[in-house]
Amino acid sequence: MIRVRFAPSPTGYLHIGGARTFIFNWLHARHQGGVVVLRIDDTDVERNTQTSLDSIHEGLEWLELGWDEFYRQSDRLELHRQAAWAIFEKGLAYRDFTPAAALSENPAAVENPGGAPENPGGASENSGAPEHPSGGWLFNPGMRELTREQSDRRANAGEPFVLRFRVPRDSRPEVVVSDAVYGTVSKATADLEDFALLRSTGMPTYHMASCADDADLRITDILRGQEHLANTFKHVLIFEALGVEAPKTAHLPLLMAPDGAKLSKRVHGPVVSVTTYRDAGFLPHAFVNFLSLLGWSPKNDREELSRDELVELFSLDGINRSNATINFTDQEPFDPKALWLNAQHIRTLDIDELARRLMPYAQQAGFTNATPKKLRAIAPLIRERIRLLGEVATVADFFFTEPRSYNPADFIPKKGDAAMAAEALRKSKEVLATVPAFDHATLDAALRAAADELGVKAGQMFQPVRVAVCGRLNAPPLFETLEVLGRDTVLTRLEFALGIV
RNA sequence: GUCCCCAUCGUCUAGCCUGGCCUAGGACACCGCCCUUUCACGGCGGCGACGCGGGUUCAAAUCCCGCUGGGGACGCCA
């Protein structure tokens with residue numbers, strides 16, 4: 001049984017990259033009838049916020065995909081600590097008593113945490129910490145060699161320490177990872193630093209908590225962003241130290257912003273937030289469909305895929321290795337392809353569902369008279385004309401409110417003048433006041449006959465009427481629109497327009 | 001700086017592993033035409049890419065090497 005997990009840390013809202021990782025996990029699990037675990041990786045007490053946790057839930061729920069099991073790492077700290085000490089007992093980890101403060105006093109360590117010496121010649125005087133022959137911090141001096149007795153004595157005396165993994169640089173040349181996407185990737189142990197397992201506060205680090213939980217929750221497959229590929233070497237070491245089999249991994253290519261950098265909440269702002277998509281009127285599935293195509297392909301030229309098709313077609317083999325750029329600007333926050341896919345999915349919705357999904361957006365637009373019945377009547381008229389559900393506000397406004405600010409020039413038909421427009425309006429009003437029924441067929445016949453009588457083309461007849469009832473040049477088909485609006489409203493607007501032309 | 005990864009139209013991608021069917025396919029966007037009472041939908045067509053340089057081979061987008069470019073990771077963050 002496949003078991004996957006999505007493990008966000010509650011330090012910001014759910015963004016597109018996180019959503020995609022979740023979607024891939026979900027698809028991978030559902031494809032083979034597996035289990036989806038949602039695990040909140042909240043071991044960084046300093047940065048966790050309830051707002052963020054709520055945002056993650058809100059975002060994931062909106063996707064309408066669901067998950068099967070839920071955990072919070074903060075509820076499982078004892079497990080993580082036990083795992084860390086078990087590694088210590090095996091001699092595979094050691095206490096590092098180097099004060100955290102000493103490190104932050106070192107300007108180079110703060111401004112240049114990567115370890116690249118700004119002044120190579122003076123690097124050694126910075127800390128005296130062992131560095132990789134070609135740069136890069138490996139471990140703090142003296143700590144690795146402490147005997148168990150010395151270590152215990154200092155710990156018992158209350159001296160704070162962090163527990164570090166003892167990377168076996170002497171006994172083992174490299175760590176090899178077999179990734180479902182990137183293939184066999186290896187890293188020399190000489191390039192791996194002694195990473196922390198437990199902080200001086202006793203809290204587990206991400207590496208420790210993540211691995212201990214993956215083992216305990218029997219996670220079989222890990223799908224996550226490629227930024228974690230380098231961490232995987234450390235994790236392999238932890239799993240081995242724990243004596244468990246490491247889960248299979250599949251690292252996903254990163255989602256990039258148009259500026260070329262990794263998508264980030266901090267620099268790219270709300271345009272990458274899942275709720276921004278929801279609020280604008282994306283259909284959850286269209287959003288899922290769009291993200292599923294970023295870094296993955298069914299390889300059969302299909303793009304519009306239903307949820308079942310996605311589950312059916314999804315395979316790790318279809319995941320690419322190169323990063324994908326998602327297009328957005330401050331003015332247009334949505335990738336044109338996402339917009340197109342959303343429009344496509346809107347068109348496949350049946351009218352009742354479309355009307356139902358339109359309701360919140362109509363209310364949001366302030367259309368207090370929006371009823372399910374009215375939206376049901378309008379939905380077919382705008383289904384092919386909106387890309388976002390939120391566009392109901394601008395495309396269907398005249399169904400709910402009186403048109404304002406007419407542009408008199410709009411009334412003038414092609415190859416016509418104001419007199420022709422006024423004539424068309426007068427005639428229409430006369431005909432529509434007496435027409436036996438207010439339905440498409442009757443309206444069509446009556447208005448065309450009226451145009452003939454006036455000696456104008458149908459288009460010249462319809463344009464002034466359309467502008468009178470809709471307030472603008474471009475609108476849904478005229479007869480259906482008149483039908484939905486009803487005779488009284490239409491007559492009133494025609495009368496009003498007559499006063500403008 | 002060190003390590004790891006990546007490299008096909010503006011963007012998302014197919015093709016690469018198992019060289020020839022590739023005068024490189026699809027989609028979005030853009031442009032044009034058609035349909036049409038406007039808009040939209042739809043249909044048709046156009047524009048547009050194998051980063052560079054060496055190899056290997058009868059033959060390379062596909063294999064190898066180098067270069068360049070891009071990204072990521074190097075924390076008592078995740």
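First the proteins, then the strands, lettered A, B, ... as listed; each starts at 1.
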S.K.: What's His251(A) touching, base or sugar-phosphate or nothing? Going by heavy atoms closer than 4.0 Å.
M.R.: nothing

S.K.: May I ask you to say what Ser210(A) touches in the nucleic acid, namely base, sugar-phosphate or nothing, with a heavy-atom cut-off under 4.0 Å?
M.R.: nothing

S.K.: Nearest to the side chain of Asp41(A) - C39(B), A78(B), U37(B)?
M.R.: A78(B)

S.K.: Using a 4.0 Å heavy-atom cut-off across all strands, classify Thr11(A) as base, sugar-phosphate, or nothing.
M.R.: nothing

S.K.: Look at atom CD of Gln50(A) and say whether more than 12 heavy atoms of other residues, nucleotides or ligands are closer to it than 6.0 Å.
M.R.: yes

S.K.: Between U38(B), C76(B), A78(B), which one does the side chain of Arg466(A) approach most closely?
M.R.: U38(B)

S.K.: With sugar-phosphate meaning primed atoms plus P, OP1 and OP2, does Pro476(A) contact a base, only sugar-phosphate, or nothing at under 4.0 Å between heavy atoms?
M.R.: base

S.K.: Rounded to whole angstrom, note down the C1' distance from C65(B) over to A60(B).
M.R.: 15 Å

S.K.: Could you let me know what G32(B) is paired to, Watson-Crick or G-U wobble, both distances under 3.5 Å, or none if it's on its own?
M.R.: C44(B)

S.K.: State whether the side chain of Glu332(A) and the backbone N or O of Thr329(A) hold a donor-acceptor pair below 3.5 Å, judged by distance alone.
M.R.: no

S.K.: Once side chain to side chain contact (heavy atoms under 4.5 Å, CB included) is applied, do any residues pair with Ala422(A), and if so which ones, sequence neighbours excluded?
M.R.: Arg426(A), Val501(A)

S.K.: Between C1' on A27(B) and NE2 on His345(A), what's the gap in Å once rounded to a whole number?
M.R.: 13 Å

S.K.: Counting only Watson-Crick or G-U wobble pairs whose two distances fall under 3.5 Å, which nucleotide matches U68(B)?
M.R.: A7(B)

S.K.: What is the distance, rounded to the nearest whole Å, between atom CG of Asp410(A) and atom C1' of U37(B)?
M.R.: 16 Å

S.K.: Using purine N1 to pyrimidine N3 plus N6-O4 or O6-N4 for Watson-Crick, or N1-O2 and O6-N3 for G-U wobble, both under 3.5 Å, which nucleotide pairs with U2(B)?
M.R.: A73(B)

S.K.: Taking the ring centre of each residue, are His440(A) and Phe479(A) less than 6.0 Å apart?
M.R.: yes

S.K.: Mind calculating the distance between CG (Asn48(A)) and P (A78(B)) to the nearest angstrom?
M.R.: 9 Å

S.K.: For every nucleotide of nucleotides 6-16 of chain B, 5' to 3': is a protein heavy atom under 4.0 Å from its base (B), only from its sugar-phosphate (S), or from neither (-)?
M.R.: SS---SBSSS-

S.K.: Quick check: on RNA chain B, is the nucleotide nearest Ala196(A) upstream (toward 5') of the one nearest Phe479(A), or the reverse? Name the residue that is more 5'.
M.R.: Phe479(A)

S.K.: Does Arg472(A) put a side-chain nitrogen or oxygen below 4.0 Å from OP1 or OP2 of U38(B)?
M.R.: no

S.K.: Could you measure between the two P atoms, the one in C4(B) and the one in G43(B), and give it in whole Å?
M.R.: 49 Å

S.K.: Partners of Asn323(A) by side-chain hydrogen bond (donor to acceptor under 3.5 Å, both in side chains), sequence neighbours excluded?
M.R.: none

S.K.: In whole Å, measure the gap between the C1' atoms of G55(B) and C12(B) for me.
M.R.: 33 Å

S.K.: Let me know the distance between CD1 of Ile56(A) and P of A78(B), rounded to the nearest Å.
M.R.: 14 Å

S.K.: Side-chain N or O of Thr205(A) less than 4.0 angstrom from OP1 or OP2 on G75(B)?
M.R.: no

S.K.: Val274(A) and side-chain contact (heavy atoms from CB on, under 4.5 Å): which partner among Phe287(A), Phe282(A), Phe22(A), Tyr13(A)?
M.R.: Phe287(A)

S.K.: Could you work out the separation of G25(B) and C50(B) based on their C1' atoms and round it to a whole Å?
M.R.: 13 Å

S.K.: Could you tell me which nucleotide pairs with U38(B) by Watson-Crick or G-U wobble geometry, both distances under 3.5 Å, or answer none if nothing does?
M.R.: none

S.K.: Return the pairing partner of A14(B) with a 3.5 Å limit on both distances, Watson-Crick or G-U wobble; otherwise return none.
M.R.: none

S.K.: 5'-most contact on RNA chain B: Gly459(A) or Phe233(A), nearest heavy atom basis?
M.R.: Phe233(A)

S.K.: For Arg164(A) and C74(B), what is the distance between atoms CZ and P respectively, to the nearest whole Å?
M.R.: 14 Å

S.K.: Using the C1' atom as the point on both nucleotides, what is the distance between A61(B) and A7(B), in whole Å?
M.R.: 12 Å

S.K.: Find out whether the Lys NZ or Arg CZ of Arg20(A) is both under 6.0 angstrom from the six-membered ring centre of Phe24(A) and within 45° of the ring's axis.
M.R.: yes

S.K.: Could you work out the separation of C17(B) and C35(B) based on their P atoms and round it to a whole Å?
M.R.: 47 Å

S.K.: Mind checking Met256(A) for me? I need base, sugar-phosphate or nothing, with any heavy atom below 4.0 Å counting as a touch.
M.R.: sugar-phosphate

S.K.: Would you please name every residue forming a ring-ring contact (aromatic ring centres under 6.0 Å, His included) with Phe233(A), sequence neighbours left out?
M.R.: none

S.K.: Quick check on the 6.0 Å ring-centre criterion: do Phe334(A) and Tyr277(A) meet it?
M.R.: yes

S.K.: Do Arg154(A) and Leu146(A) make a side-chain contact, defined as non-hydrogen atoms from C-beta onward lying under 4.5 Å apart?
M.R.: yes

S.K.: Sort me out a list of protein N/O and nucleotides 40-45 of chain B N/O pairs below 3.5 Å, or just none if empty.
M.R.:
unit_1, atom_1, unit_2, atom_2, d
A40(B), O2', Glu384(A), O, 2.0

S.K.: Please give the distance between the C1' atoms of A24(B) and U8(B) as a whole number of Å.
M.R.: 8 Å

S.K.: Just the rounded figure in Å: distance from C1' of C4(B) to CZ of Arg224(A).
M.R.: 14 Å

S.K.: Go ahead and name the base partner of C63(B); Watson-Crick or wobble counts if both distances stay under 3.5 Å, otherwise write none.
M.R.: G55(B)

S.K.: In whole angstrom, give the distance that lies between atom CD of Glu193(A) and atom P of G1(B).
M.R.: 19 Å

S.K.: Taking only the C1' atom of each, what is the distance from G42(B) to U36(B) in whole angstrom?
M.R.: 11 Å

S.K.: Excluding sequence neighbours, so at least two apart, what forms side chain to side chain contact (heavy atoms under 4.5 Å, CB included) with Arg39(A)?
M.R.: Arg5(A), Ala7(A), Val37(A), Asp41(A), Tyr71(A), Gln73(A), Ser210(A), Asp213(A), Asp214(A), Leu217(A)

S.K.: Taking Ser55(A) for its side chain and Leu14(A) for its backbone only, find out whether a donor-acceptor pair lies under 3.5 Å.
M.R.: yes

S.K.: Just name whichever nucleotide pairs with A24(B), Watson-Crick or G-U, keeping both distances under 3.5 Å, else none.
M.R.: none

S.K.: Rounded to the nearest angstrom, tell me the gap between atom CH2 in Trp137(A) and atom P in C74(B).
M.R.: 12 Å

S.K.: What's the closest nucleotide to the side chain of Pro477(A) if the choices are U37(B), A73(B), A78(B)?
M.R.: U37(B)

S.K.: Got a donor-acceptor contact below 3.5 angstrom from the Tyr406(A) side chain to the Ile500(A) backbone?
M.R.: no

